[in-house]
Asker: 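My questions will all concern the structure given below.
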Amino acid sequence: MNTTSAHDTPPPTPSIWQVVATRDYEVPADSQPATLQRRWRALGRLLLGTDDVNPARAEADLRALPQVRLANLVPPIDWAPAARALGAQDSLETEAHAPVRFFIGQPYCDHPAILAHWARARDAVVLSPPDTEQILCADRRWLDDLAPGNGRPWVLPELERCFLRHANGLDLVRDFLARALSGALGPGMIGCDSWALAFIERISPLPGTATLTLQAFDGLALTRHLMRPDRGHVRFLSARSGEPLMPEDAGDSDGDDRHATETACPELRQLAAHCHGNPGLAWHYWRQRLRAAPEREQQAQAGEARHDTPPRGDCQRLAAADDVVWVAPGIETPTLPAESGEDVAFLLHALLLHRGLEGDVLGALLPIPPGRLHSHLLRLQALELLSRAGARWQVAPLAYPAVREFLRSRSYLTDSF
């Protein structure tokens, strides 16, 4: 007789990674209490010049976490689960008869990495984008080299690297899309940044094409993703109130972490709303908010721990249980100077449309003298609005919401996320 009850084996927790058709994408709704709290704090600052509550820990007293500790608490995002979700959705997509599907990457969600995992799982042929000279010369030899894969699927991870917003920089991508969508290249997947897609749809409409994207993370998904119990017995405390962000009994001594994975942290619920559910962007914000206690407080706690005599075998558990990380109530995000004009808008828009560009390519695309362009780049970098990886400039993650709103307010073309 089988005596196993339904309570002995709880159902598996659904994956936080979901891929949906872009028409089914849903931004997480901000909670009404969180909205009211923000408005109340804003009113307090306006009328009194102060916040409505005294922080439990002044942010100036807290210390930045060491990089090793930060990397352990918030490691780089593993995009393999997202690729598995893409594979499952790609198999179920109702428009599966279409020769090509698009996977749309939201800003700071690494769609090339996701598609690299997808390509390995499918044994797909990975197509490299043309270089800058090939794009500007509309070099059809790049197209001619894209031979069908003899039945194997193919993937082009970065369509945003196949065009330039220039009079001579669009013919190649138009010809590629015409060939791919006709089925001449066989079944394939095209990865494209969301800003690039918004532009491409203006110059080469894609009617009836199946487009997929990551579903937005709500507060619960971000809580499970960024405060995972398997990263140690860490107590996250609010610097504003001093209270734990998660219930004290989340994850008991028997290893039952179901409660921890079923409860949304309020701070992360608000972060999900601020980032429009973008997990890559939320990752950057969360890392910037984590702090360590003041050094004098840590020394005092260490002295108390040395005078304790816990039972043998419990020392490591005690040290882990006392591992406290403070979460700053907010961070100072970069803002654009009030005098920012059309030069800055052109520059920022070009960087977003192409998911970053090298300085010399920017000079070829923008009607800005080289000296002034270089000055803009350095000034925006000093203001932490731009970051640089090698020769490629891009909008800094923490500056992205302000930059997007700046461009939207000036009626520039923006993405749909």
Asker: Evaluate the criterion ring pair (Phe, Tyr, Trp, His ring centres under 6.0 Å) for residue pair F417 and H276; output intermediate values, then yes/no.
Answerer: CA-CA 7 Å; F417 298 98; H276 289 191; over 10 Å; no

Asker: Let me confirm one number: the CG-CG distance from L197 to L353, rounded to the nearest 0.5 Å.
Answerer: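 That separation rounds to 11.5 Å.
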
Asker: Measure the CZ-CZ distance between R291 and R63 for me, rounded to the nearest 0.5 Å.
Answerer: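 Those atoms lie 11.5 Å apart.
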
Asker: Would you please classify the geometry between the W195 ring and the Y400 ring as parallel, tilted or perpendicular, with 30° and 60° separating the classes?
Answerer: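 The rings of Y400 and W195 stand perpendicular, inter-plane angle above 60°.
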
Asker: Side chains of P130 and L172, heavy atoms from C-beta outward: is any pair under 4.5 Å?
Answerer: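 Contact flag for P130/L172 side chains = yes.
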
Asker: Can a side-chain donor-acceptor contact be found between E160 and H111 if the only test is distance below 3.5 angstrom?
Answerer: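 Per modelled atom types, H111 and E160 side chains form a pair under 3.5 Å.
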
Asker: Work out which heavy atom in W326 is nearest to a heavy atom in G242; give both atom names and the distance.
Answerer: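 In this case the closest contact between W326 and G242 is CZ3-CA, 4.0 Å.
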
Asker: Just how far is it from atom NE2 of H376 to atom CD1 of I368, taken to the nearest 0.5 Å?
Answerer: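 CD1 of I368 is found 5.5 Å from NE2 of H376.
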
Asker: Just by modelled atom types, is the G219 backbone N or O under 3.5 Å from a matching donor or acceptor in the T223 side chain?
Answerer: yes

Asker: Under 4.5 Å between any side-chain heavy atoms of L386 and L348, yes or no?
Answerer: yes

Asker: Would you sort out whether L214 and L86 count as a side-chain contact (heavy atoms from CB on, under 4.5 Å), showing the intermediate values?
Answerer: CA-CA 8 Å; L214 283 176; L86 173 61; over 6 Å; no

Asker: To the nearest 0.5 Å, tell me how far R84 CZ sits from S15 OG.
Answerer: 7.5 Å

Asker: Check whether the side chains of R120 and H117 place a donor and an acceptor atom closer than 3.5 Å, and report yes or no.
Answerer: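 Checked: R120/H117 side chains pair up, N/O donor to acceptor below 3.5 Å.
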
Asker: So which atom in V395 and which in Y108 form the shortest heavy-atom distance, rounded to 0.1 Å?
Answerer: O-OH, 2.6 Å

Asker: Are the side chain of S340 and the backbone of L336 linked by a donor-acceptor contact shorter than 3.5 Å?
Answerer: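 The answer is no, because no donor-acceptor pair under 3.5 Å joins these two groups.
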
Asker: Mind checking whether R152 and R122 have side chains closer than 4.5 Å, heavy atoms only?
Answerer: no

Asker: Hey, what do you get for CZ (R141) to CG (L146), rounding to the nearest 0.5 Å?
Answerer: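 Rounded to the nearest 0.5 Å, the CZ-CG separation comes out at 13.5 Å.
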
Asker: Spell out, as yes or no, whether a donor-acceptor pair under 3.5 Å connects the side chain of N278 to the backbone of C109.
Answerer: no

Asker: How close do A293 and L62 get, counting heavy atoms only, and between which atoms?
Answerer: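 That would be CA-CD2, 4.1 Å.
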
Asker: Which distance, rounded to the nearest 0.5 Å, do you find between the NE2 of H225 and the CG of D78?
Answerer: 9.0 Å

Asker: T213 pairs by side chain to side chain donor-acceptor pair (under 3.5 Å) with which of Q18, R23, Q106?
Answerer: Q106

Asker: Examine W142 together with F176 and report whether their ring centres are nearer than 6.0 Å.
Answerer: yes

Asker: Who pairs with D175 by salt bridge (charged side-chain N to carboxylate O under 4.0 Å, His left out), at least two apart in sequence or on another chain?
Answerer: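 Only R140 meet the salt bridge (charged side-chain N to carboxylate O under 4.0 Å, His left out) criterion with D175.
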
Asker: Is R161 salt-bridged to E358, cutoff N-O under 4.0 Å?
Answerer: no

Asker: Taking only Lys NZ, Arg NE, NH1 and NH2, and the carboxylate oxygens of Asp or Glu, determine whether R69 and D323 approach each other closer than 4.0 Å.
Answerer: yes

Asker: Which atoms form the tightest heavy-atom contact between G169 and I135, and what is the distance?
Answerer: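 What the structure gives for the nearest pair is O-CG2, 3.6 Å.
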
Asker: Within the structure provided, determine whether V100 and M189 are in side-chain contact (heavy-atom separation under 4.5 Å).
Answerer: no

Asker: In terms of side-chain geometry, is the basic nitrogen of E342 or R410 positioned less than 4.0 Å from the acidic oxygen of its partner?
Answerer: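 Yes, this pair counts.
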
Asker: Looking at D343 and R372, is any side-chain nitrogen of the basic one under 4.0 Å from a carboxylate oxygen of the acidic one?
Answerer: yes

Asker: Would I190 and L177 count as a side-chain contact (heavy atoms from CB on, under 4.5 Å) if you check the C-alpha gap in whole Å, the side-chain angles of each, and the deciding distance to 0.1 Å?
Answerer: CA-CA 10 Å; I190 297 175; L177 289 173; 4.2 Å; yes

Asker: Checking V173 against L159 for the side-chain contact (heavy atoms from CB on, under 4.5 Å) test, could you report, in this order, the C-alpha distance in whole Å, the side-chain angles of both residues, the deciding distance, and whether it holds?
Answerer: CA-CA 8 Å; V173 73; L159 188 64; 3.8 Å; yes

Asker: Hey, does the side chain of E384 reach the backbone of Q381 with a donor-acceptor pair shorter than 3.5 angstrom?
Answerer: no

Asker: Would you check if the side chain of W154 reaches a backbone N or O of G186 as a donor-acceptor pair within less than 3.5 Å?
Answerer: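 Side chain of W154 to backbone of G186: a pair is present.
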
Asker: Show the numbers, then the answer: is there a salt bridge (Lys or Arg N to Asp or Glu O under 4.0 Å) between R355 and E158?
Answerer: CA-CA 10 Å; R355 198 166 60 88; E158 301 173 277; 2.4 Å; yes

Asker: Mind checking salt bridge (charged side-chain N to carboxylate O under 4.0 Å, His left out) for E133 and listing every partner two or more places apart, or none if nothing turns up?
Answerer: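 Salt bridge (charged side-chain N to carboxylate O under 4.0 Å, His left out) check on E133 returns nothing, list empty.
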
Asker: Would you say the side chain of F217 lies within less than 4.5 Å of the side chain of L268, judging by non-hydrogen atoms?
Answerer: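 No; the side chains remain at least 4.5 Å from each other.
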
Asker: Using side-chain heavy atoms (C-beta onward) and a distance below 4.5 Å, is L383 in contact with P337?
Answerer: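 The answer is yes, as the side chains (C-beta and beyond) meet within the 4.5 Å cut-off.
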
Asker: What closest approach, in Å, do C192 and I200 show between heavy atoms, and which atom pair accounts for it?
Answerer: SG-CD1, 4.3 Å

Asker: With distance as the sole test, does S182 use its side chain to make a donor-acceptor pair with the main-chain N or O of R179 at under 3.5 Å?
Answerer: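 Yes.
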
Asker: So do L226 and L73 actually touch side chain to side chain, heavy atoms under 4.5 Å?
Answerer: no

Asker: Give the ring-plane orientation class for F163 versus H354, where under 30° counts as parallel, over 60° as perpendicular and anything between as tilted.
Answerer: tilted

Asker: Using a 6.0 Å cut-off, check whether atom NE2 of H374 has over 12 heavy atoms from anything other than its own residue.
Answerer: no

Asker: Please assess L347 against L373 for the test side-chain contact (heavy atoms from CB on, under 4.5 Å), listing each intermediate value before the final yes or no.
Answerer: CA-CA 8 Å; L347 168 58; L373 174 60; 4.0 Å; yes

Asker: Does the Q134 side chain pair with the main chain of D131, one donor and one acceptor, at a distance under 3.5 Å?
Answerer: yes

Asker: Kindly give the heavy-atom pair with the smallest separation between P76 and W283, and that separation in Å.
Answerer: CA-CZ2, 3.9 Å

Asker: Are the side chains of T333 and Y285 in contact, using a 4.5 Å heavy-atom criterion?
Answerer: yes

